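So the structure is just underneath, and the comments pick up after that.
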Amino acid sequence: MSPRQSSSGDGSRNGGFWRRCPMARWVYIEDLKQHVGEEVELRGWLHNKRSSGKIRFLIVRDGTGFVQVVAVKNQVAPEVFARLDDLFYEASIILRGKVREDARAPGGVELDLVDLSVVQNPEDYPIPKVREENIPDVGKLLPLRHLWIRGRRQWAILRIRDEVVRALEDFMHARGFIRLDPPILTAMAVEGTTTLFKIDYFGQPAYLSQSGQLYMEALAMSHGKVYSFGPTFRAEKSKTRRHLAEFWMMEPEWAYATLEDLLDLVEDMLVYVVARVLEQRKTELDILERDTSRLEAIRKPFPRITYDDAVKLLQEKGFDFPFGEDFGADEETAISESFDRPVMVTHYPAKIKAFYMKRDPEQPDRARCVDVLAPEGYGEIIGGSEREEDHDTLVRYIQEHNLPLEPYRWYLDLRKYGTVPHAGFGLGLERTVAWITGIHHVRETIPFPRLLDRIYP
RNA sequence: UCCCCGGUAGCUCAAUCGGUAGAGCGGCGGGCUGUUAACCCGUAGGUUGCAGGUUCGAGUCCUGCCCGGGGCGCCA
């Protein structure tokens with residue numbers, strides 16, 4: 001039996017509810033089209049209902065989609081029909097019905113109700129029936145996040161998140177990278193301790209990881225091409241739509257690779273991920289009313305510009321931008337809006353970048369690095385670079401950044417024993433998903449966002 | 001850390017110059033055999049965030065506080 005088949009149950013094994021109707025097979029809404037004409041069983045929740053005299057329309061969701069269930073008086077048992085009027089939103093229900101193709105239905109199929117049983121009927125669901133004119137504000141929705149995720153938009157966003165994750169993993173494996181994850185508890189800072197969450201580790205100070213990169217460099221010297229995928233933590237007091245205190249990052253690290261190798265990889269990767277979401281998550285993009293023409297434009301080649309080009313671009317647009325500074329949110333937006341696809345900005349001034357980045361031999365004040373800015377003002381979704389591989393140079397960089405040498409002893413070992421040129425990057429999952437889904441704020445792209453002063457639920 | 005905006009019914013919002021606190025949605029009751037986050041009729045629902053002040057009179061003006069949102073910096 002394939003994994004796919006096992007997801008639809010053979011009701012007879014589950015006992016309880018389904019013994020009552022052994023002839024109807026439990027199916028999921030996403031599979032209904034394969035059961036036209038059959039009587040099937042759905043197990044889900046009541047999402048919405050409408051009534052018109054002697055006909056009732058229930059919108060039922062089961063996690064895989066939404067479907068309309070129709071009940072006409074005199075065509076269903078009277079006690080079943082009467083039960084429908086007592087149902088509240090989010091009632092958990094199990095129902096049997098006959099699958100019928102119908103051009104009027106958004107998904108192409110509907111169910112004619114035969115029987116319905118109520119698992120639980122909640123009388124006071126805290127999120128009101130949501131209509132465009134009265135969507136509660138986020139201050140009220142966030143404390144109800146555990147219920148908010150049942151909503152249509154949140155459902156669509158999180159399904160696309162899953163697709164992005166799997167697309168990234170499939171792509172990396174197809175390119176010969178293997179997944180190996182670094183520790184989350186660490187004793188050292190990658191870029192200084194000010195933005196780290198400090199914890200008590202058996203009496204020793206430790207931190208939640210803000211990046212697994214240094215460990216990934218060690219793994220790259222063992223496996224050549226590696227990537228990690230996991231949570232990272234930044235104790236930044238940020239209150240913007242692009243920031244979370246806990247977010248997920250994919251961090252590839254590639255031995256013997258150059259900046260140019262990295263740019264080619266990033267380009268292929270983003271093209272693949274966007275195409276896969278367009279192909280596999282059409283329904284969800286429709287729910288979100290995403291302008292898919294903006295996603296269809298994501299093709300090779302991506303523009304590659306240097307920091308100097310970007311500064312010139314800003315100055316042409318009327319920005320009073322001082323050379324040598326890092327771009328702020330307004331600048332990133334202005335740069336990205338000059339292109340219809342992600343723009344790769346390289347060769348930033350080394351002094352505004354992390355200590356481990358390799359300098360460009362032809363311009364020693366520039367780092368061999370790249371920031372990828374997503375279109376439509378979604379900001380930086382990827383940051384990467386070649387890493388300095390020379391031991392003594394790296395020691396000097398650490399000292400210049402006023403970082404202690406001792407915690408980096410193992411990291412410096414990598415440069416003492418078979419050091420090679422290498423490069424890697426980090427991709428911010430939530431920002432990438434926010435861009436692809438076209439939603440305004442990254443907090444809706446993660447199931448339970450961790451924000452400044454918000455850790456519940 | 002700083003700057004900006006907001007807080008009125010369960011939710012989203014009105015309330016003119018300081019002069020009787022309203023509407024839509026949701027709830028409840030009723031109607032409708034094809035609705036697409038349905039529609040129609042009716043109905044209940046308020047310490048206007050808190051504390052003070054000005055005034056004949058404060059949702060509205062002033063002061064302080066609390067809570068929320070957004071932005072800056074930092075970053076993915």
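Everything numeric in this text was worked out from a predicted model, so none of it was measured. Chain letters run A, B, ... following the sequence lines, proteins first and then strands; every chain starts at 1.
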Item to check | Atom C1', compared across B:G45 and B:G6: separation rounded to whole Å | outcome: 24 Å
Checklist entry - What does A:Leu244 touch in the nucleic acid at a heavy-atom separation under 4.0 angstrom: a base, only the sugar-phosphate, or nothing? => result base
Checklist outcome for this item: One should report the stems of RNA chain B, each a stretch of at least three consecutive Watson-Crick or G-U pairs at distances under 3.5 Å, as B:2-7 with B:66-71, B:10-13 with B:22-25, B:27-31 with B:39-43, B:49-53 with B:61-65
Item to check | Quiz item: A:Ser51 side-chain donor-acceptor pair to B:C32 base, under 3.5 Å | outcome: yes
Checklist entry - If you count the non-hydrogen atoms of other residues, nucleotides and ligands that lie under 6.0 Å from CZ in A:Arg152, is the total more than 12? => result no
Item to check | Whole-Å P distance, B:C66 and B:A76 | outcome: 34 Å
Item to check | Short side-chain N/O contact from A:Arg104 to OP1 or OP2 of B:A38, under 4.0 Å | outcome: no
Checklist entry - Does the side chain of A:Asp261 pick up a donor-acceptor pair with the side chain of A:Thr258 at under 3.5 Å? => result yes
Next on the checklist: In whole Å, measure the gap between the C1' atoms of B:U33 and B:C39 for me.
Outcome noted: 14 Å
Item to check | Atom pair distance, as rounded to whole Å: NZ in A:Lys239 and P in B:U1 | outcome: 12 Å
Checklist entry - Taking atom P in both B:G49 and B:C3, what distance in whole Å separates the two? => result 24 Å
Next on the checklist: Need one value for A:Glu110: base, sugar-phosphate or nothing, where a base atom within 4.0 Å counts as base even if backbone is also close, heavy atoms only.
Outcome noted: base
Checklist entry - Are A:Arg359 and A:Tyr397 in a cation-pi setup, meaning NZ or CZ lies under 6.0 angstrom from the ring centre and within 45 degrees of the ring axis? => result yes
Checklist entry - Which whole number of Å gives the distance between the C1' atom of B:U60 and that of B:A21? => result 12 Å
Item to check | B:U8 versus B:G42 - spacing of their P atoms, nearest Å | outcome: 28 Å
Checklist entry - Looking for any heavy atom pair under 4.0 Å, which part of the strands does A:Asp137 touch: base, sugar-phosphate only, or nothing? => result sugar-phosphate
Checklist entry - In residues 438-447 of chain A, which residues come under 4.0 Å of RNA chain B by heavy atom? => result A:His441, A:Arg443
Checklist entry - Is it true that A:Arg96 and A:Asp115 make a salt bridge, defined as a side-chain N closer than 4.0 Å to a carboxylate O? => result yes
Checklist entry - Across the strands shown, which category fits A:Phe233 at heavy-atom distances under 4.0 angstrom: base, sugar-phosphate, nothing? => result nothing
Next on the checklist: Test: salt bridge (charged side-chain N to carboxylate O under 4.0 Å, His left out). Region: residues 318-328 of chain A. Which pairs qualify, not counting sequence neighbours?
Outcome noted: none
Checklist entry - In chain order, what residues pass the ring pair (Phe, Tyr, Trp, His ring centres under 6.0 Å) check against A:Phe425, with sequence neighbours excluded? => result none
Item to check | Rounded C1' spacing from B:C11 to B:G30 in Å | outcome: 24 Å
Item to check | ring centroid sep under 5.5 Å plus plane angle under 30, A:Phe57 with B:A38 | outcome: no
Checklist entry - Looking only at side-chain N and O atoms, does A:Arg61 come under 4.0 Å of OP1 or OP2 in B:A37? => result no
Next on the checklist: Tell me which residues in residues 321-340 of chain A lie within less than 4.0 Å of RNA chain B, going by non-hydrogen atoms.
Outcome noted: A:Asp326, A:Gly328, A:Ala329, A:Glu332
Checklist entry - Would the A:Phe355 and A:Tyr408 ring centres measure less than 6.0 Å apart? => result yes
Next on the checklist: Measuring only the C1' atom in each nucleotide, how far is B:G70 from B:G29? A whole number of Å is fine.
Outcome noted: 43 Å
Next on the checklist: Does A:His47 reach a base, just sugar-phosphate, or nothing at all? Heavy atoms under 4.0 Å.
Outcome noted: nothing
Checklist entry - Which residues pass the side chain to side chain contact (heavy atoms under 4.5 Å, CB included) test with A:Pro205, sequence neighbours left out? => result A:Lys198
Item to check | Any A:Asn74 side-chain N or O less than 4.0 Å from OP1/OP2 of B:U33 | outcome: no
Next on the checklist: I want to verify a distance call: between B:C75, B:A76, B:U33, whose nearest atom is closest to the A:Ser52 side chain?
Outcome noted: B:U33
Checklist entry - Between A:Arg234 and A:Ser211, what is the shortest heavy-atom contact and its length? => result NH2-CB, 4.4 Å
Next on the checklist: I want to verify a distance call: between B:G34, B:A76, B:U33, whose nearest atom is closest to the A:Gln68 side chain?
Outcome noted: B:G34
Next on the checklist: So for A:Ser238 and B:C74, does any side-chain atom that can act as donor or acceptor lie under 3.5 Å from a complementary atom in the base?
Outcome noted: yes
Next on the checklist: Taking donor-acceptor contacts at under 3.5 Å, does the side chain of A:Arg50 reach the base of B:C32?
Outcome noted: no
Next on the checklist: Would you say A:Lys140 places a side-chain N or O within less than 4.0 Å of OP1 or OP2 belonging to B:U12?
Outcome noted: yes
